[in-house]
> 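Pasting a structure below so you can have a look.
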Amino acid sequence: HQGRDRLGATETRLETILLPKTSAMLHAQWSPRADLDVDLRWWLEGARPTASTRIGDLDAYDRIDARVAWRPAKGWETALSIGNANDAIPVEYLEALRVNTAVPRSITVSVRWVSP
């Protein structure tokens, strides 16, 4: 029972140590007309240490996403989205975290219909 408590405390400390010291997000949404929406998101991920001596510390990066949506008729929406517009997430993050959570720069066009 005590060993489990110590292991849990160690895991919590390790997670805390590996978190970036700085992390921020800014989201702006603007609707210049009733049928038009513009969304911008900016993320900042600060530098962080890793548990890997081979990789070492990871540099800070920022990411920008943008979306413009237009509703030409009731129930219809078409949108243009750009994810990770500045293609800023370094590959080292993926290798160090062992989880592919990064989205490479992407451009998406969508059309959707929502039943009124």
Side-chain angles (χ1 to χ4, degrees):
H1 157 284
Q2 286 180 347
R4 217 175 322 154
D5 290 343
R6 274 189 257 132
L7 179 59
T10 301
E11 287 174 353
T12 302
R13 267 196 314 273
L14 186 58
E15 288 173 6
T16 304
I17 291 169
L18 297 180
L19 291 175
K21 291 189 183 339
T22 306
S23 189
M25 183 185 82
L26 178 64
H27 178 207
Q29 185 175 17
W30 177 47
S31 297
R33 300 187 324 225
D35 64 342
L36 189 65
D37 294 328
V38 178
D39 290 291
L40 293 172
R41 289 181 194 253
W42 169 75
W43 284 271
L44 172 67
E45 188 78 16
R48 72 166 76 178
T50 67
S52 170
T53 55
R54 184 173 61 81
I55 296 173
D57 291 350
L58 300 176
D59 294 333
Y61 72 89
D62 61 341
R63 172 184 166 162
I64 300 168
D65 291 353
R67 181 176 185 268
V68 176
W70 173 53
R71 291 174 297 284
K74 186 174 182 175
W76 288 96
E77 179 184 83
T78 184
L80 172 67
S81 302
I82 302 173
N84 193 18
N86 53 339
D87 202 18
I89 300 174
V91 174
E92 292 82 17
Y93 267 83
L94 303 180
E95 188 174 343
L97 301 176
R98 303 274 186 231
V99 177
N100 189 352
T101 57
V103 177
R105 180 183 303 134
S106 60
I107 298 175
T108 307
V109 176
S110 63
V111 176
R112 71 180 185 148
W113 178 73
V114 179
S115 178

> Calculate, to the nearest 0.5 Å, the distance between atoms CH2 and CG belonging to W30 and L40 respectively.
10.0 Å
> Work out which heavy atom in N86 is nearest to a heavy atom in R105; give both atom names and the distance.
C-NH2, 3.9 Å
> Nearest 0.5 angstrom please: W42 CH2 to L26 CG, how far?
7.0 Å
> At what distance, to the nearest 0.5 angstrom, does OH of Y61 lie from CD of E45?
4.5 Å
> Q29 versus V38: any side-chain heavy-atom pair under 4.5 Å?
no
> Could you grab the distance from atom CG of L44 to atom OG1 of T22, nearest 0.5 Å is fine?
6.5 Å
> What pair of heavy atoms forms the shortest contact from D37 to R71, and how long is it?
OD2-NH1, 2.8 Å
> Using residues 72-83 as the side-chain source, report each donor-acceptor pair under 3.5 Å to any protein atom, sequence neighbours left out, with the distance given to one decimal.
unit_1	atom_1	unit_2	atom_2	d
E77	OE1	R67	NH2	2.8
E77	OE1	R112	NE	3.1
T78	OG1	S110	O	3.2

> Looking at side-chain heavy atoms only, is the closest gap between W43 and H27 below 4.5 Å?
no
> Do you know the tightest heavy-atom contact between N84 and R63?
OD1-CG, 3.6 Å
